[in-house]
Enquirer: 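So that we are looking at the same thing, I have put the structure below in C-alpha coordinates.
Within every chain, numbering begins at 1; the chains are lettered A, B, ... in the order of the sequence lines, protein sequences first and strands thereafter. Scope of the values below: all heavy atoms of this structure, side chains included, with no hydrogens, waters or symmetry mates.
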Amino acid sequence: MKQLSVNHLLGIKYITKGDIDLIFETADHFKEVINRPIKKVPSLRDVTIANLFFENSTRTRLSFELAEKRLSADVVNFSAASSSVKKGETLVDTVNNILSMKVDLVVMRHPNPGAGIFLSKNVKASIVNAGDGAHEHPTQALLDAYSIREKLGTVAGKKVVIVGDILHSRVALSNIFALQKLGADVKVCGPLTLIPKHIEHLGVHVEPDLDQALAWCDVANMLRVQNERMEISYFPSTREYVQQFGLTLERLQKLDKSITVMHPGPINRGVEITSDVADSDQAIILNQVENGVAIRMAVLYLLASKIKNYD
Amino acid sequence: MSQKELLNNKEMSVTLQRLACQLVENHHTFDNSVIIGLQPRGVALAERLVSILEKDYQTKQLKFGKLDITFYRDDFRRSDKVLQANTTEIQFVVEGKRVIIIDDVLYTGRSIRSALTALQSFGRPAEVELLCLIDRRFSRHLPIQPDYVGKHVDVINEEKVKVNWSHNDNNNSVILINE
(Lines give C-alpha, C1' and ligand atoms only; values in the text may rest on other atoms or scores of the structure.)
Protein backbone atom coordinates (compact mmCIF):
# COMPACT_ATOMS: atom_id res chain seq x y z
CA MET A 1 0.00 0.00 0.00
CA LYS A 2 1.25 3.43 -0.88
CA GLN A 3 1.87 6.13 1.67
CA LEU A 4 3.77 9.41 1.87
CA SER A 5 7.53 9.22 2.37
CA VAL A 6 7.42 12.11 4.86
CA ASN A 7 5.64 12.88 8.13
CA HIS A 8 5.42 16.62 7.48
CA LEU A 9 4.75 18.68 4.38
CA LEU A 10 7.44 21.34 4.71
CA GLY A 11 8.17 21.99 1.06
CA ILE A 12 8.02 20.38 -2.34
CA LYS A 13 11.80 20.06 -2.19
CA TYR A 14 11.49 17.41 0.51
CA ILE A 15 8.92 15.14 -1.14
CA THR A 16 9.23 12.73 -4.06
CA LYS A 17 7.41 12.44 -7.36
CA GLY A 18 5.69 9.37 -5.93
CA ASP A 19 4.34 11.50 -3.07
CA ILE A 20 2.98 14.08 -5.51
CA ASP A 21 1.31 11.37 -7.60
CA LEU A 22 -0.26 9.86 -4.48
CA ILE A 23 -1.55 13.27 -3.36
CA PHE A 24 -3.06 13.87 -6.82
CA GLU A 25 -4.73 10.44 -6.88
CA THR A 26 -6.22 11.02 -3.44
CA ALA A 27 -7.29 14.55 -4.40
CA ASP A 28 -9.23 13.10 -7.37
CA HIS A 29 -11.40 11.21 -4.90
CA PHE A 30 -11.84 14.23 -2.64
CA LYS A 31 -12.78 16.38 -5.60
CA GLU A 32 -15.64 13.96 -6.23
CA VAL A 33 -16.56 14.18 -2.52
CA ILE A 34 -16.76 18.00 -2.49
CA ASN A 35 -19.10 17.94 -5.46
CA ARG A 36 -21.64 15.75 -3.67
CA PRO A 37 -24.83 17.13 -2.13
CA ILE A 38 -23.24 16.46 1.28
CA LYS A 39 -19.59 17.43 1.06
CA LYS A 40 -18.30 15.86 4.22
CA VAL A 41 -16.58 12.59 5.13
CA PRO A 42 -15.89 11.38 8.68
CA SER A 43 -12.25 10.26 8.14
CA LEU A 44 -10.53 12.69 10.52
CA ARG A 45 -13.23 12.88 13.18
CA ASP A 46 -10.75 12.06 15.96
CA VAL A 47 -7.98 14.38 14.74
CA THR A 48 -7.46 17.92 16.01
CA ILE A 49 -5.77 20.45 13.76
CA ALA A 50 -4.41 23.85 14.75
CA ASN A 51 -4.16 26.54 12.09
CA LEU A 52 -1.40 28.90 13.15
CA PHE A 53 -1.25 31.98 11.00
CA PHE A 54 1.58 34.32 11.95
CA GLU A 55 0.98 36.22 8.73
CA ASN A 56 -2.20 37.43 7.05
CA SER A 57 -4.01 35.11 4.73
CA THR A 58 -7.57 34.85 3.48
CA ARG A 59 -7.87 32.20 0.86
CA THR A 60 -5.21 29.75 2.07
CA ARG A 61 -6.62 29.87 5.56
CA LEU A 62 -10.19 29.50 4.38
CA SER A 63 -9.19 26.69 2.05
CA PHE A 64 -7.37 24.80 4.82
CA GLU A 65 -10.23 25.32 7.24
CA LEU A 66 -12.79 24.06 4.72
CA ALA A 67 -10.60 21.05 3.92
CA GLU A 68 -10.29 20.24 7.62
CA LYS A 69 -14.00 20.63 8.27
CA ARG A 70 -14.93 18.51 5.26
CA LEU A 71 -12.75 15.75 6.71
CA SER A 72 -14.60 16.19 10.04
CA ALA A 73 -11.46 17.21 11.96
CA ASP A 74 -11.70 19.45 15.01
CA VAL A 75 -10.18 22.82 14.18
CA VAL A 76 -8.65 25.56 16.29
CA ASN A 77 -7.55 28.83 14.77
CA PHE A 78 -4.84 31.15 15.89
CA SER A 79 -3.67 34.38 14.41
CA ALA A 80 -0.60 36.24 15.53
CA ALA A 81 -2.34 39.60 15.61
CA SER A 82 -4.35 38.64 18.68
CA SER A 83 -1.92 36.40 20.53
CA SER A 84 0.83 36.18 23.11
CA VAL A 85 3.43 36.33 20.35
CA LYS A 86 3.03 40.06 20.76
CA LYS A 87 3.93 39.58 24.45
CA GLY A 88 7.27 38.01 23.56
CA GLU A 89 6.59 34.27 23.58
CA THR A 90 8.88 32.13 21.38
CA LEU A 91 7.55 30.06 18.48
CA VAL A 92 8.39 26.72 20.13
CA ASP A 93 6.71 27.80 23.37
CA THR A 94 3.60 29.00 21.57
CA VAL A 95 3.27 25.77 19.65
CA ASN A 96 4.08 23.52 22.60
CA ASN A 97 1.38 25.28 24.61
CA ILE A 98 -1.08 24.56 21.87
CA LEU A 99 0.09 20.97 21.57
CA SER A 100 -0.43 20.39 25.32
CA MET A 101 -4.07 20.83 24.54
CA LYS A 102 -3.69 17.65 22.43
CA VAL A 103 -3.40 18.79 18.87
CA ASP A 104 -2.29 16.22 16.24
CA LEU A 105 -1.52 18.38 13.24
CA VAL A 106 -0.31 21.93 12.82
CA VAL A 107 -0.88 24.04 9.71
CA MET A 108 1.41 27.03 9.89
CA ARG A 109 2.06 30.18 7.93
CA HIS A 110 4.99 32.24 9.13
CA PRO A 111 6.89 35.27 7.77
CA ASN A 112 10.28 33.62 8.38
CA PRO A 113 11.68 31.14 5.84
CA GLY A 114 12.31 27.74 7.42
CA ALA A 115 9.92 28.27 10.35
CA GLY A 116 8.13 25.02 9.53
CA ILE A 117 11.35 23.04 9.30
CA PHE A 118 12.53 24.46 12.62
CA LEU A 119 9.23 23.59 14.24
CA SER A 120 9.18 20.04 12.88
CA LYS A 121 12.49 19.40 14.64
CA ASN A 122 11.31 20.82 17.94
CA VAL A 123 7.73 19.74 18.51
CA LYS A 124 5.84 16.46 18.33
CA ALA A 125 3.18 17.02 15.70
CA SER A 126 2.87 16.77 11.95
CA ILE A 127 3.53 20.15 10.37
CA VAL A 128 2.01 21.43 7.15
CA ASN A 129 3.71 24.50 5.77
CA ALA A 130 1.13 26.99 4.55
CA GLY A 131 3.81 29.42 3.43
CA ASP A 132 7.05 30.41 5.14
CA GLY A 133 8.36 33.80 4.07
CA ALA A 134 9.77 33.78 0.56
CA HIS A 135 10.71 30.09 0.89
CA GLU A 136 7.97 27.58 0.03
CA HIS A 137 4.21 27.28 -0.25
CA PRO A 138 3.85 23.58 -1.05
CA THR A 139 0.06 23.19 -1.14
CA GLN A 140 -0.21 26.10 -3.61
CA ALA A 141 2.33 24.44 -5.92
CA LEU A 142 0.48 21.12 -5.63
CA LEU A 143 -2.85 22.68 -6.52
CA ASP A 144 -1.26 24.61 -9.41
CA ALA A 145 0.27 21.45 -10.87
CA TYR A 146 -2.97 19.56 -10.20
CA SER A 147 -4.92 22.22 -12.10
CA ILE A 148 -2.52 21.94 -15.05
CA ARG A 149 -2.95 18.15 -15.00
CA GLU A 150 -6.71 18.58 -14.93
CA LYS A 151 -6.76 21.07 -17.81
CA LEU A 152 -4.08 19.57 -20.06
CA GLY A 153 -4.22 15.90 -19.04
CA THR A 154 -0.64 15.73 -17.83
CA VAL A 155 2.14 17.93 -16.47
CA ALA A 156 5.04 16.02 -17.99
CA GLY A 157 6.45 17.67 -21.10
CA LYS A 158 4.40 20.86 -20.68
CA LYS A 159 6.05 24.26 -20.92
CA VAL A 160 5.25 26.57 -18.04
CA VAL A 161 6.34 30.16 -17.61
CA ILE A 162 6.14 31.84 -14.21
CA VAL A 163 5.82 35.59 -14.67
CA GLY A 164 6.40 38.40 -12.22
CA ASP A 165 7.96 38.81 -8.82
CA ILE A 166 10.05 35.63 -8.56
CA LEU A 167 12.34 37.11 -5.90
CA HIS A 168 9.73 37.50 -3.17
CA SER A 169 7.57 34.57 -4.19
CA ARG A 170 7.33 31.31 -2.27
CA VAL A 171 4.77 30.21 -4.85
CA ALA A 172 7.42 30.48 -7.58
CA LEU A 173 9.98 28.35 -5.76
CA SER A 174 7.51 25.62 -4.80
CA ASN A 175 6.08 25.66 -8.31
CA ILE A 176 9.51 25.24 -9.86
CA PHE A 177 10.24 22.20 -7.66
CA ALA A 178 6.81 20.62 -8.25
CA LEU A 179 6.74 21.19 -12.01
CA GLN A 180 10.26 19.89 -12.47
CA LYS A 181 9.57 16.77 -10.39
CA LEU A 182 6.57 16.10 -12.62
CA GLY A 183 8.66 16.54 -15.77
CA ALA A 184 7.57 19.98 -16.99
CA ASP A 185 9.85 22.54 -18.57
CA VAL A 186 9.97 25.80 -16.58
CA LYS A 187 10.94 29.36 -17.50
CA VAL A 188 10.72 32.47 -15.37
CA CYS A 189 9.98 35.92 -16.71
CA GLY A 190 9.98 39.31 -15.03
CA PRO A 191 12.04 42.44 -14.37
CA LEU A 192 15.63 41.30 -13.82
CA THR A 193 15.58 43.06 -10.45
CA LEU A 194 12.86 40.65 -9.33
CA ILE A 195 14.59 37.47 -10.52
CA PRO A 196 16.97 35.91 -8.00
CA LYS A 197 20.59 35.64 -9.05
CA HIS A 198 21.78 32.13 -9.98
CA ILE A 199 18.22 30.84 -10.45
CA GLU A 200 19.52 28.96 -13.53
CA HIS A 201 21.08 26.52 -11.07
CA LEU A 202 17.59 25.23 -10.36
CA GLY A 203 17.37 24.26 -14.02
CA VAL A 204 15.05 27.07 -15.08
CA HIS A 205 15.66 29.53 -17.89
CA VAL A 206 15.26 33.25 -17.52
CA GLU A 207 13.29 34.93 -20.28
CA PRO A 208 13.21 38.72 -19.90
CA ASP A 209 10.69 39.25 -22.71
CA LEU A 210 7.06 38.40 -21.93
CA ASP A 211 5.95 38.05 -25.56
CA GLN A 212 8.67 35.51 -26.28
CA ALA A 213 7.86 33.64 -23.09
CA LEU A 214 4.18 33.48 -24.06
CA ALA A 215 5.02 32.27 -27.57
CA TRP A 216 7.03 29.43 -26.00
CA CYS A 217 4.72 28.26 -23.23
CA ASP A 218 1.60 26.11 -22.79
CA VAL A 219 0.80 27.63 -19.40
CA ALA A 220 1.47 31.10 -17.99
CA ASN A 221 1.35 31.46 -14.21
CA MET A 222 1.04 35.17 -13.43
CA LEU A 223 2.30 36.10 -9.97
CA ARG A 224 1.21 39.07 -7.95
CA VAL A 225 3.57 41.97 -7.43
CA GLN A 226 4.14 41.76 -3.68
CA ASN A 227 4.39 45.43 -2.79
CA GLU A 228 4.25 44.58 0.92
CA ARG A 229 7.53 42.67 0.73
CA MET A 230 9.39 45.39 -1.18
CA GLU A 231 11.38 47.85 0.84
CA ILE A 232 12.89 49.48 -2.22
CA SER A 233 11.63 50.11 -5.74
CA TYR A 234 12.42 47.19 -8.03
CA PHE A 235 10.92 48.79 -11.12
CA PRO A 236 10.40 52.42 -12.09
CA SER A 237 6.59 52.52 -12.01
CA THR A 238 3.56 50.28 -12.01
CA ARG A 239 2.70 51.65 -15.44
CA GLU A 240 6.00 50.51 -16.84
CA TYR A 241 5.58 47.09 -15.22
CA VAL A 242 2.15 46.72 -16.86
CA GLN A 243 3.57 47.69 -20.24
CA GLN A 244 6.32 45.09 -20.07
CA PHE A 245 4.92 42.27 -17.95
CA GLY A 246 1.16 42.73 -17.74
CA LEU A 247 -0.85 39.98 -19.45
CA THR A 248 -3.40 41.60 -21.76
CA LEU A 249 -5.93 40.16 -24.19
CA GLU A 250 -4.01 41.83 -26.99
CA ARG A 251 -0.89 39.85 -26.07
CA LEU A 252 -2.84 36.59 -25.96
CA GLN A 253 -4.52 37.25 -29.31
CA LYS A 254 -1.17 37.78 -31.00
CA LEU A 255 -0.28 34.13 -30.28
CA ASP A 256 -1.05 31.39 -32.79
CA LYS A 257 -2.28 29.08 -29.99
CA SER A 258 -4.45 29.19 -26.89
CA ILE A 259 -2.45 29.06 -23.67
CA THR A 260 -3.73 28.38 -20.17
CA VAL A 261 -3.56 31.30 -17.75
CA MET A 262 -3.13 30.82 -14.01
CA HIS A 263 -2.90 33.14 -11.02
CA PRO A 264 -2.44 32.16 -7.37
CA GLY A 265 -4.47 35.15 -6.15
CA PRO A 266 -5.13 37.72 -4.89
CA ILE A 267 -5.24 39.41 -8.30
CA ASN A 268 -4.17 42.98 -8.85
CA ARG A 269 -6.50 43.56 -11.78
CA GLY A 270 -4.89 45.79 -14.36
CA VAL A 271 -1.37 45.17 -13.07
CA GLU A 272 -0.03 41.66 -13.74
CA ILE A 273 -3.22 40.62 -15.52
CA THR A 274 -6.10 42.58 -17.07
CA SER A 275 -9.72 41.89 -16.20
CA ASP A 276 -10.65 40.58 -19.65
CA VAL A 277 -7.91 37.94 -19.40
CA ALA A 278 -8.67 37.02 -15.79
CA ASP A 279 -12.33 36.45 -16.66
CA SER A 280 -11.69 34.68 -19.99
CA ASP A 281 -12.10 30.97 -20.73
CA GLN A 282 -8.35 30.55 -20.90
CA ALA A 283 -7.98 31.46 -17.22
CA ILE A 284 -8.37 28.61 -14.71
CA ILE A 285 -8.02 30.86 -11.66
CA LEU A 286 -11.24 29.75 -9.98
CA ASN A 287 -10.56 26.07 -10.78
CA GLN A 288 -7.31 26.52 -8.90
CA VAL A 289 -9.25 27.70 -5.85
CA GLU A 290 -11.64 24.73 -6.04
CA ASN A 291 -8.79 22.28 -6.47
CA GLY A 292 -7.06 23.86 -3.47
CA VAL A 293 -9.62 22.37 -1.10
CA ALA A 294 -9.32 18.89 -2.65
CA ILE A 295 -5.50 19.02 -2.57
CA ARG A 296 -5.45 20.16 1.06
CA MET A 297 -7.91 17.42 2.02
CA ALA A 298 -5.61 14.88 0.36
CA VAL A 299 -2.51 16.21 2.14
CA LEU A 300 -4.20 16.27 5.55
CA TYR A 301 -5.74 12.83 5.01
CA LEU A 302 -2.44 11.25 3.99
CA LEU A 303 -0.47 12.90 6.81
CA ALA A 304 -3.11 12.05 9.41
CA SER A 305 -3.03 8.40 8.34
CA LYS A 306 0.56 8.32 9.61
CA ILE A 307 -0.34 9.54 13.10
CA LYS A 308 -1.07 6.56 15.33
CA ASN A 309 -3.00 7.29 18.53
CA TYR A 310 -4.28 3.79 19.08
CA ASP A 311 -1.13 1.69 19.52
CA MET B 1 -2.10 -23.36 2.76
CA SER B 2 -5.13 -25.40 1.78
CA GLN B 3 -8.02 -24.47 -0.50
CA LYS B 4 -11.56 -25.67 -0.83
CA GLU B 5 -14.07 -24.74 -3.51
CA LEU B 6 -17.35 -23.42 -2.10
CA LEU B 7 -19.01 -22.64 -5.41
CA ASN B 8 -17.90 -23.68 -8.89
CA ASN B 9 -18.62 -21.88 -12.15
CA LYS B 10 -21.93 -23.69 -12.78
CA GLU B 11 -23.19 -23.13 -9.25
CA MET B 12 -22.15 -19.47 -9.41
CA SER B 13 -24.21 -18.81 -12.52
CA VAL B 14 -27.24 -20.59 -11.02
CA THR B 15 -26.87 -18.51 -7.85
CA LEU B 16 -26.54 -15.24 -9.82
CA GLN B 17 -29.69 -16.09 -11.79
CA ARG B 18 -31.56 -16.80 -8.56
CA LEU B 19 -30.40 -13.54 -6.93
CA ALA B 20 -31.46 -11.56 -9.99
CA CYS B 21 -34.80 -13.34 -9.94
CA GLN B 22 -35.32 -12.48 -6.27
CA LEU B 23 -34.51 -8.83 -7.00
CA VAL B 24 -37.11 -8.73 -9.78
CA GLU B 25 -39.64 -10.32 -7.44
CA ASN B 26 -39.24 -7.44 -5.00
CA HIS B 27 -38.48 -4.55 -7.30
CA HIS B 28 -40.43 -5.40 -10.51
CA THR B 29 -39.35 -2.83 -13.08
CA PHE B 30 -36.84 -1.02 -10.84
CA ASP B 31 -38.61 2.30 -11.45
CA ASN B 32 -37.83 3.60 -8.01
CA SER B 33 -34.93 1.28 -7.19
CA VAL B 34 -31.18 1.76 -7.54
CA ILE B 35 -28.31 -0.70 -7.34
CA ILE B 36 -25.09 0.30 -5.59
CA GLY B 37 -22.03 -1.94 -5.74
CA LEU B 38 -19.36 -1.47 -3.09
CA GLN B 39 -15.83 -0.83 -4.30
CA PRO B 40 -13.84 -2.76 -5.18
CA ARG B 41 -15.22 -6.32 -5.07
CA GLY B 42 -18.93 -5.67 -4.77
CA VAL B 43 -18.87 -3.85 -8.09
CA ALA B 44 -17.88 -7.01 -10.01
CA LEU B 45 -20.90 -8.84 -8.57
CA ALA B 46 -23.22 -5.89 -9.14
CA GLU B 47 -22.15 -5.57 -12.79
CA ARG B 48 -23.04 -9.21 -13.43
CA LEU B 49 -26.42 -8.91 -11.76
CA VAL B 50 -27.17 -5.72 -13.70
CA SER B 51 -26.33 -7.44 -16.97
CA ILE B 52 -28.63 -10.39 -16.12
CA LEU B 53 -31.43 -7.97 -15.19
CA GLU B 54 -31.01 -6.07 -18.45
CA LYS B 55 -30.68 -9.11 -20.71
CA ASP B 56 -32.97 -11.72 -19.20
CA TYR B 57 -35.57 -9.51 -17.58
CA GLN B 58 -35.56 -6.56 -20.02
CA THR B 59 -35.12 -4.07 -17.19
CA LYS B 60 -34.56 -0.69 -18.80
CA GLN B 61 -32.68 2.35 -17.52
CA LEU B 62 -31.49 0.57 -14.41
CA LYS B 63 -29.71 3.04 -12.12
CA PHE B 64 -26.39 1.53 -11.11
CA GLY B 65 -23.71 3.25 -9.00
CA LYS B 66 -20.35 2.40 -7.48
CA LEU B 67 -19.67 3.46 -3.91
CA ASP B 68 -16.26 3.68 -2.27
CA ILE B 69 -16.34 3.58 1.51
CA THR B 70 -12.66 4.28 2.26
CA PHE B 71 -13.23 7.68 3.87
CA TYR B 72 -16.03 6.29 6.05
CA ARG B 73 -14.20 3.28 7.49
CA ASP B 74 -13.84 2.95 11.24
CA ASP B 75 -10.29 1.54 11.19
CA PHE B 76 -8.53 4.67 9.82
CA ARG B 77 -5.22 5.15 11.70
CA ARG B 78 -5.80 1.92 13.63
CA SER B 79 -4.03 -0.45 11.27
CA ASP B 80 -0.66 -0.17 9.56
CA LYS B 81 -2.38 -0.51 6.25
CA VAL B 82 -2.89 2.84 4.58
CA LEU B 83 -6.43 3.08 3.32
CA GLN B 84 -6.45 3.92 -0.35
CA ALA B 85 -9.58 5.11 -2.03
CA ASN B 86 -11.38 3.90 -5.13
CA THR B 87 -13.68 5.79 -7.46
CA THR B 88 -17.21 6.58 -6.43
CA GLU B 89 -19.63 6.93 -9.33
CA ILE B 90 -23.15 7.77 -8.32
CA GLN B 91 -24.74 9.96 -10.98
CA PHE B 92 -28.12 10.17 -9.27
CA VAL B 93 -29.61 11.21 -5.97
CA VAL B 94 -30.79 8.37 -3.74
CA GLU B 95 -33.39 10.59 -2.03
CA GLY B 96 -36.62 8.62 -1.72
CA LYS B 97 -35.21 5.65 -3.67
CA ARG B 98 -35.15 1.97 -2.74
CA VAL B 99 -31.46 1.16 -2.56
CA ILE B 100 -29.92 -2.28 -2.97
CA ILE B 101 -26.37 -2.40 -1.64
CA ILE B 102 -24.28 -5.17 -3.18
CA ASP B 103 -21.09 -6.69 -1.79
CA ASP B 104 -19.41 -10.03 -2.43
CA VAL B 105 -18.65 -11.35 1.07
CA LEU B 106 -20.42 -10.28 4.25
CA TYR B 107 -18.12 -10.83 7.20
CA THR B 108 -17.98 -8.48 10.23
CA GLY B 109 -20.57 -6.09 8.84
CA ARG B 110 -18.29 -3.08 9.33
CA SER B 111 -18.02 -2.31 5.61
CA ILE B 112 -21.80 -2.27 5.38
CA ARG B 113 -21.99 0.06 8.38
CA SER B 114 -19.57 2.39 6.58
CA ALA B 115 -21.57 2.07 3.37
CA LEU B 116 -24.75 3.09 5.18
CA THR B 117 -23.00 6.22 6.48
CA ALA B 118 -21.52 6.97 3.05
CA LEU B 119 -24.92 6.57 1.43
CA GLN B 120 -26.29 9.43 3.52
CA SER B 121 -24.09 11.81 1.52
CA PHE B 122 -26.29 11.16 -1.50
CA GLY B 123 -29.65 11.74 0.15
CA ARG B 124 -32.15 9.91 2.34
CA PRO B 125 -33.18 6.62 0.75
CA ALA B 126 -36.71 5.30 1.25
CA GLU B 127 -35.31 1.89 2.08
CA VAL B 128 -31.96 0.09 1.99
CA GLU B 129 -31.50 -3.60 1.28
CA LEU B 130 -28.35 -5.70 1.31
CA LEU B 131 -27.39 -8.40 -1.17
CA CYS B 132 -24.28 -10.52 -0.79
CA LEU B 133 -22.97 -13.56 -2.57
CA ILE B 134 -21.44 -15.16 0.52
CA ASP B 135 -22.65 -14.69 4.09
CA ARG B 136 -20.06 -15.76 6.65
CA ARG B 137 -22.40 -16.64 9.45
CA PHE B 138 -21.62 -16.21 13.17
CA SER B 139 -18.80 -13.74 12.52
CA ARG B 140 -20.68 -10.44 12.71
CA HIS B 141 -19.38 -7.59 14.88
CA LEU B 142 -22.48 -5.49 14.26
CA PRO B 143 -26.20 -6.22 14.03
CA ILE B 144 -26.35 -6.33 10.22
CA GLN B 145 -28.07 -9.05 8.19
CA PRO B 146 -28.44 -9.48 4.43
CA ASP B 147 -31.78 -9.51 2.60
CA TYR B 148 -30.54 -11.62 -0.30
CA VAL B 149 -27.84 -14.28 0.09
CA GLY B 150 -26.08 -16.44 -2.48
CA LYS B 151 -24.75 -18.96 0.00
CA HIS B 152 -24.29 -19.16 3.75
CA VAL B 153 -20.96 -20.51 4.92
CA ASP B 154 -19.63 -21.29 8.38
CA VAL B 155 -15.99 -20.32 8.44
CA ILE B 156 -13.53 -19.92 11.28
CA ASN B 157 -11.70 -16.62 11.62
CA GLU B 158 -8.33 -17.69 10.23
CA GLU B 159 -9.91 -18.76 6.99
CA LYS B 160 -10.50 -16.45 4.07
CA VAL B 161 -13.26 -16.52 1.51
CA LYS B 162 -12.26 -15.35 -1.93
CA VAL B 163 -14.52 -14.72 -4.90
CA ASN B 164 -12.79 -15.08 -8.26
CA TRP B 165 -14.30 -13.48 -11.32
CA SER B 166 -12.90 -14.58 -14.65
CA HIS B 167 -12.75 -12.25 -17.59
CA ASN B 168 -15.50 -13.83 -19.69
CA ASP B 169 -17.34 -15.54 -16.83
CA ASN B 170 -16.38 -19.08 -17.84
CA ASN B 171 -14.29 -19.80 -14.76
CA ASN B 172 -15.87 -18.00 -11.80
CA SER B 173 -15.53 -19.57 -8.38
CA VAL B 174 -15.68 -19.00 -4.64
CA ILE B 175 -12.90 -20.61 -2.67
CA LEU B 176 -12.05 -21.02 0.98
CA ILE B 177 -8.39 -20.43 1.81
CA ASN B 178 -6.81 -21.69 4.98
CA GLU B 179 -3.46 -20.03 5.58
Side-chain angles (χ1 to χ4, degrees), chain A residues 1-7 18-19 21-49 67-74 102 104-105 125-126 293-311, chain B residues 34 36-43 63-97 99 101 108-126 128 141-142 144 160:
Chain A
M1 279 291 192
K2 284 188 274 182
Q3 57 175 338
L4 291 183
S5 66
V6 289
N7 292 321
D19 292 332
D21 289 337
L22 178 59
I23 292 170
F24 284 5
E25 249 170 68
T26 315
D28 285 338
H29 301 305
F30 283 121
K31 186 146 187 201
E32 183 269 317
V33 167
I34 58 178
N35 281 300
R36 289 181 192 172
I38 294 167
K39 302 164 181 60
K40 201 164 173 159
V41 293
S43 304
L44 264 59
R45 71 197 137 200
D46 46 3
V47 176
T48 310
I49 302 176
E68 289 151 6
K69 289 185 168 161
R70 286 183 176 162
L71 288 166
S72 303
D74 291 319
K102 308 296 172 209
D104 307 289
L105 241 151
S126 280
V293 178
I295 282 286
R296 290 181 175 113
M297 284 173 84
V299 166
L300 294 168
Y301 176 81
L302 291 168
L303 285 178
S305 72
K306 301 191 89 179
I307 309 169
K308 299 274 185 287
N309 288 354
Y310 300 94
D311 291 345
Chain B
V34 301
I36 290 183
L38 297 192
Q39 286 279 21
R41 311 197 52 88
V43 171
K63 289 199 173 76
F64 167 46
K66 301 170 185 176
L67 179 65
D68 181 69
I69 55 156
T70 308
F71 302 130
Y72 299 86
R73 288 174 60 132
D74 57 5
D75 56 350
F76 181 59
R77 307 199 299 127
R78 285 160 179 84
S79 69
D80 289 331
K81 220 169 64 180
V82 179
L83 304 176
Q84 229 183 328
N86 264 303
T87 327
T88 293
E89 267 172 50
I90 299 183
Q91 313 290 3
F92 44 81
V93 189
V94 299
E95 187 79 28
K97 294 279 193 306
V99 177
I101 293 181
T108 60
R110 285 177 191 266
S111 305
I112 305 302
R113 205 267 329 142
S114 308
L116 289 170
T117 317
L119 201 57
Q120 290 177 342
S121 301
F122 298 90
R124 177 183 184 270
V128 183
H141 295 176
L142 296 166
I144 283 171
K160 260 171 83 174

Enquirer: Chain B heavy atoms under 4.5 Å from A:Lys39: which part of the residue, side chain, backbone, both or neither?
Expert: neither
Enquirer: Please report the interatomic distance CZ(A:Arg36) to CD(B:Gln120), rounded to the nearest 0.5 Å.
Expert: 12.0 Å
Enquirer: Side chain, backbone, both or neither: which part of A:Leu22 has a heavy atom under 4.5 Å from chain B?
Expert: side chain
Enquirer: So for atom NZ, which belongs to B:Lys160, do other residues, nucleotides or ligands contribute more than 12 heavy atoms lying within a distance under 6.0 Å?
Expert: no
Enquirer: Working to the nearest 0.5 Å, report the span between CG of A:Leu71 and CZ of B:Phe76.
Expert: 8.0 Å
Enquirer: Could you list the residues that satisfy side chain to side chain donor-acceptor pair (under 3.5 Å) with B:Ser121, not counting sequence neighbours?
Expert: B:Tyr72
Enquirer: Closest heavy-atom contact between A:Arg45 and B:Arg73?
Expert: NH2-O, 3.6 Å
Enquirer: Which region of B:Asn86, side chain (C-beta onward) or backbone (N, CA, C, O), has a non-hydrogen atom less than 4.5 Å from a non-hydrogen atom of chain A, or is it both or neither?
Expert: backbone
Enquirer: Does A:Leu44 form a side chain to side chain contact (heavy atoms under 4.5 Å, CB included) with B:Phe71? I'd like the steps, not just the answer.
Expert: CA-CA 9 Å; A:Leu44 264 59; B:Phe71 302 130; over 6 Å; no
Enquirer: Could you list the donor-acceptor pairs under 3.5 angstrom formed by side chains in residues 87-95 of chain B, with sequence neighbours left out?
Expert:
unit_1: B:Thr88; atom_1: OG1; unit_2: B:Asp68; atom_2: N; d: 3.0
unit_1: B:Glu95; atom_1: OE1; unit_2: B:Arg124; atom_2: N; d: 3.0

